[in-house]
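Shown next, in structure tokens, is the structure this report addresses.
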Amino acid sequence: MRVWLYGCNAQDIRAMRIHCVGSADTVIGFSTQKDRSGPFPRAGLARPMQAAMRGELDQLLVSSLSLLGDGGEQIGEMKKAFETYQVSIKSASSSGSSSS
């Protein structure tokens with residue numbers, strides 16, 4: 001499976017790579033959350049979305065679903081956007097929690 005790692009910081013990325021990425025998975029990229037108060041608070045999702053649109057991504061692994069939005073509605077919209085390109089989203093903070 002082609003996986004993108006998205007976390008708050010480098011420590012999140014390292015932890016997900018060690019504990020959540022399977023031996024059969026290929027990490028195709030990673031990004032971290034940008035400044036939440038800036039003009040583009042979810043700019044770190046631009047590159048994985050581009051990979052999804054090109055058909056190069058199977059799963060977005062996030063350190064926490066809260067990185068996708070400020071509330072349930074925003075998180076749901078972001079999930080739907082990735083699902084449009086057949087990309088599942090899995091949260092490392094909730095064991096077994098995923099969206100397809």
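Two residues are said to be in side-chain contact when any heavy atoms from C-beta on lie closer than 4.5 Å; Val27 and Leu5 meet this criterion. Under the 4.5 Å side-chain criterion, counting only non-hydrogen atoms from C-beta, Trp4 is not in contact with Gln59. Side chains of Tyr85 and Arg54 form no contact here, defined as non-hydrogen atoms less than 4.5 Å apart.
The two residues Ile89 and Lys79 come nearest to each other via the heavy atoms CD1-CA, 3.7 Å. Annotation for Leu67 and Cys8: closest pair CD2-SG, 3.5 Å, computed over non-hydrogen atoms. In plain terms, the two heavy atoms of Ala51 and Ile28 that are nearest each other are CB-CD1, 4.2 Å. Leu61 and Cys20 get closest at one heavy-atom pair: CD2-CB, 3.5 Å. Considering every non-hydrogen atom in both Ala52 and Val87, the closest pair reads CB-CG2, 3.6 Å. Arg2 approaches Gly55 most closely through the heavy-atom pair NH1-O, 3.0 Å.
The hydrophobic cluster containing Leu60 does not contain Met16, counting ILVMFWY residues as joined when their side-chain heavy atoms lie under 4.5 angstrom apart, directly or transitively. Hydrophobic clustering (ILVMFWY, side-chain heavy atoms < 4.5 Å, transitive): Leu45 and Phe30 are in distinct clusters. Put simply, Met1 and Met53 are part of two different groups of oily side chains (I, L, V, M, F, W, Y) that touch within less than 4.5 Å, one to the next. Residues Leu65 and Leu57 share a hydrophobic cluster, clusters being chains of Ile/Leu/Val/Met/Phe/Trp/Tyr side chains in contact below 4.5 Å.
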(request) Apply the test side chain to side chain contact (heavy atoms under 4.5 Å, CB included) to residues Val3 and Asp58: give CA-CA distance (whole Å), side-chain angles for both, the deciding distance (0.1 Å), then the verdict. (result) CA-CA 6 Å; Val3 178; Asp58 300 310; over 6 Å; no
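Atom OH of residue Tyr6 and atom OG of residue Ser91 lie 13.0 Å apart, to the nearest 0.5 angstrom.
Side chain of Ser63 to backbone of Gly7: no donor-acceptor contact under 3.5 angstrom is found.
Taking a 6.0 Å sphere around CZ of Arg17, one finds it holds 12 or fewer heavy atoms contributed by other residues, nucleotides or ligands.
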